[in-house]
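Chain identifiers are assigned alphabetically (A, B, ...) following the order of the sequence lines, protein sequences preceding nucleic acid strands; residue numbering begins at 1 within each chain. Only heavy atoms go into these numbers, but all of them, side chains included; no hydrogens, no water, no symmetry mates. Computed from a predicted model, the values in this text were never measured in an experiment.
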Amino acid sequence: MPQHTRPARGMRDFLPADVRRRQYVIDVVRGVYERYGFEPLETPALENIETLTGKYGEEGNKLIFKVLRRGEHETSGETDLALRYDLTVPLARVVAENRGQLPKFFKRYQIQPVWRADRPARGRFREFFQCDVDAIGSASAVVEVEMIAAVSEVLQTLGFTDFVVQLNHRQLLSAMLDGARVAAERQNDAMVAIDKLDKIGRDGVKQELIARGIDGAAADQCLRAFEDVQEYNALAGRSERGAEASRNVAEILTLVEATPASGHVKFTPRLARGLSYYTGAIMEISVEGIGSLGGGGRYDGLIGMFSGEQIPACGFSLGLERILVIMSEREMFPPHVASSSPDVLVTVFDAASAADSLRLAAELRSLALRVEVYPEADKLGKQFKYGSARNVAFVAILGSDERARGAVTIKNMKTGEQVTVPRAEVAARLRRDQRPTTSELH
RNA sequence: GUGGGUGUAGCUCAGUGGUAGAGCGCCUGACUGUGGCUCAGGAAGUCGCGGGUUCGAUCCCCGUCACCCACCCCA
């Protein structure tokens, strides 16, 4: 017996019930994004390694899955390819490559797996799906607003009511940190620490700021700013950059009220987000008591890293795995997603009757019923037991008695009732009997 | 990467320094053309792996691997 039958660490097999739940969520996401005018894009799992390195910050760089060079170079330990770490950087590469053929405002969605060499934890894996939407080519606040509206509508369609879209702005944060005299090269570290304010508290953040090399007085001033909006605005407003960011945030907050996201968006001064490529508005979507379901923001500099031409861009990424964890916990899946067994099991009495069973199955399938034929001429008891385990609604019996009479016996597995009807009436009978069970699903 | 916990039957887990048990599931039969219920019987484990202590280890010790939880970071 083989010892290792588990998938590799952090990777998962999806059994049929898992796939159905995942597919349900993906269908909703795709449907909403399509209605917002986003178009599908797919990119390769592997990228040239230089495409990925240097785009995610120090922490991100470490977590990239690298692929050894092949052939004679294999022993050198050199690496030339890597599994994609997110969907945004590949998008930026595609845009830089195909700029001429893409519309002026390119809106795309992408639902594919990404890989991170992270330590797995609850709702966190080394291979996981992201559902990204991005809009390329406009710096308007309308872009952020549509983004927020689309992800809000996804969550609403899935049945979430208690989500919050937190909104902040990198330039605003940066201007505030300037005002508090935090050195520019320390600001990224500072943001990471500040992001934990409600998690580790004021003292925890101060300790972390100091540990990250930020002056104690500057740390105190930052913390005061997050407790007092006046102080925050005063610090940030000292620069034109901060004032402009502030106007941008205000515009987004106003416009968003005209969308399905109305009432769900909250300006959150301490929101920072980890990825280094964000340049403007940053967003994170979370559900009470659970944490982040996804996030995004504006990254006006990323495409330029590939093409040299600065093209404004903004995107949002929903984490499929997180959504699934919460939906499972809260039992938010419609019943038909969970139970999806065949409608009918057709029994096989003996070798000679198999053809009849297959003919009946074909006929029922043409009526869009889901039909399974028992593959062996087992004892009837076994066939029933199997049907029961498969949770089928009906078992159709074609035994010697029935065949002699040109009839079929249909048993309703739920009620235990069974009737024998002429062969020609089976389809009509099942279709009629099917109605109550089908309607129970809704 | 750091700290803690757990590895015993297909699954969930008991257990003891003298080479192992329950519940569920599975198989067979009571019921020779009928699942779910009941009853009777049955199969199944190198007790994660390697070493040490011991007359003897599933149990004690060391190491190792895997999984879980928290931290870190994130989706």
Side-chain angles (χ1 to χ4, degrees), chain A residues 1 3-12 25 29 56-64 85-88 111-132 151 188-189 191-193 195-196 199-200 204 208 211-212 272-276 283-287 290-297 315-326 341 345 347-350 353 374 377-404 408-418 420:
Chain A
M1 200 177 94
Q3 288 293 307
H4 302 288
T5 55
R6 311 181 78 103
R9 167 188 270 251
M11 315 268 169
R12 295 158 297 160
V25 174
V29 172
Y56 303 108
E58 197 185 326
E59 193 70 27
N61 256 350
K62 285 187 212 156
L63 299 179
I64 295 172
Y85 181 87
D86 73 353
L87 302 176
T88 308
I111 302 169
Q112 287 192 283
V114 304
W115 292 268
R116 294 184 188 179
D118 221 350
R119 187 164 184 164
R122 178 173 178 71
R124 195 172 106 190
F125 307 92
R126 289 179 145 188
E127 177 183 56
F128 60 98
F129 273 69
Q130 290 194 323
C131 312
D132 275 36
V151 296
N188 246 326
D189 283 344
M191 287 182 198
V192 171
D195 200 32
K196 296 177 201 164
K199 215 168 173 181
I200 61 177
E208 189 152 339
R212 285 170 187 261
R273 296 197 51 75
L275 297 177
S276 58
M283 293 93 78
E284 188 158 304
I285 196 158
S286 56
V287 168
I290 310 253
S292 172
L293 291 185
F316 204 104
S317 177
L318 277 178
L320 180 63
E321 327 299 334
R322 295 283 171 83
I323 292 173
L324 285 163
V325 165
I326 297 164
S341 23
L345 175 71
T347 64
V348 170
F349 190 67
D350 54 33
S353 73
Y374 195 89
D378 254 333
K379 293 164 100 171
L380 256 197
K382 297 262 239 165
Q383 303 198 36
F384 271 96
K385 195 164 183 168
Y386 176 77
S388 195
R390 289 281 283 138
N391 204 20
V392 299
F394 297 97
V395 172
I397 307 143
L398 287 96
S400 52
D401 296 354
E402 285 84 358
R403 292 217 302 150
V408 173
T409 298
I410 298 162
K411 176 157 177 168
N412 180 324
M413 293 298 277
K414 204 166 187 176
T415 63
E417 293 169 290
Q418 73 181 49
T420 301

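Using a 4.0 Å heavy-atom distance criterion, A:Gln418 is classed as a base contact. Across all strands shown, A:Asp86 has no heavy atoms under 4.0 Å from either base or sugar-phosphate atoms. A:Gly60 comes within 4.0 angstrom of nothing in the nucleic acid, heavy atoms only. Contacts of A:Arg212 with the nucleic acid, taken as non-hydrogen atoms under 4.0 Å apart, involve only primed sugar atoms and P, OP1 or OP2. A:Gly387 comes within 4.0 angstrom of no nucleic acid atom, judged by non-hydrogen atoms across all strands. Using a 4.0 Å heavy-atom cutoff across all strands shown, A:Thr347 reaches no nucleic acid atom at all. The residue A:Lys382 sits close only to the backbone: its heavy atoms come under 4.0 Å of sugar-phosphate atoms, none of a base. No engagement by A:Ile323 is indicated, since no non-hydrogen atom pair under 4.0 Å with the nucleic acid exists. Note on A:Arg119: a base of the nucleic acid sits closer than 4.0 angstrom, heavy atoms only. Counting any heavy atom pair closer than 4.0 Å across all strands shown, A:Phe125 reaches a base atom. Counting any heavy atom pair closer than 4.0 Å across all strands shown, A:Glu208 reaches sugar-phosphate atoms only and no base atom. Within 4.0 Å (heavy atoms only), A:Arg116 reaches at least one base atom of the nucleic acid.
Between the CE atom of A:Met413 and the C1' atom of B:rG35 there is a distance of 4 Å, rounded to whole Å. When rounded to the nearest whole Å, the span between CG of A:Asp378 and P of B:rU32 equals 15 Å. One interatomic measurement links the two molecules: CG of A:Asp118 to C1' of B:rC71, which rounds to 13 Å at whole-angstrom precision.
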Dot-bracket notation for RNA chain B is requested: 5' to 3', Watson-Crick or G-U wobble pairs only, both distances under 3.5 Å, with ( ), [ ], | and . as defined.
-> (((((((..((((....[..)))).(((((.......))))).....(((((..]....))))))))))))....
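Annotation: B:rA57 and B:rU53 have their P atoms spaced 11 Å apart (nearest Å). Nucleotides B:rA14 and B:rG7 are separated by 7 Å at their P atoms, to the nearest Å. To the nearest whole angstrom, the two P atoms, one in B:rU6 and one in B:rG10, are 23 Å apart. Between B:rG21 and B:rA66, the two P atoms lie 32 Å apart (nearest whole Å).
The side chain of A:Arg124 lies closest to B:rC73, out of B:rU34, B:rC27, B:rC73. With B:rG33, B:rA75, B:rA66 as the choices, the nucleotide that has an atom nearest any side-chain atom of A:Phe128 turns out to be B:rA75. Residue A:Arg9 places its side chain closer to B:rC67 than to any other of B:rC74, B:rG35, B:rC67. The listed nucleotides are B:rG29, B:rU34, B:rA75; the one nearest the side chain of A:Lys379 is B:rG29.
In this structure, the side chain to side chain contact (heavy atoms under 4.5 Å, CB included) partners of A:Lys382, at least two apart in sequence or on a different chain, are A:Tyr374, A:Asp378, A:Lys379. Every side chain to side chain contact (heavy atoms under 4.5 Å, CB included) that A:Arg9 has, sequence neighbours left out, goes to A:Arg119, A:Pro120, A:Arg126. With sequence neighbours excluded, the residues that form a side chain to side chain contact (heavy atoms under 4.5 Å, CB included) with A:Glu127 are A:Met11, A:Pro113, A:Trp115. Taking the side chain to side chain contact (heavy atoms under 4.5 Å, CB included) definition, one finds that A:Ser317 meets it with A:Gln130, A:Asp132, sequence neighbours left out.
Of the possible donor and acceptor atoms, one in the side chain of A:Arg322 sits under 3.5 Å from a partner among the backbone N and O of A:Ser292.
The stretch residues 392-402 of chain A participates, sequence neighbours left out, in no salt bridge (Lys or Arg N to Asp or Glu O under 4.0 Å) pair at all.
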Please walk me through it: do A:Glu321 and A:Arg124 pass salt bridge (charged side-chain N to carboxylate O under 4.0 Å, His left out)?
-> CA-CA 7 Å; A:Glu321 327 299 334; A:Arg124 195 172 106 190; over 6 Å; no
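A:Leu345 CG to A:Arg390 CZ: the interatomic distance, rounded to the nearest 0.5 Å, is 9.0 Å.
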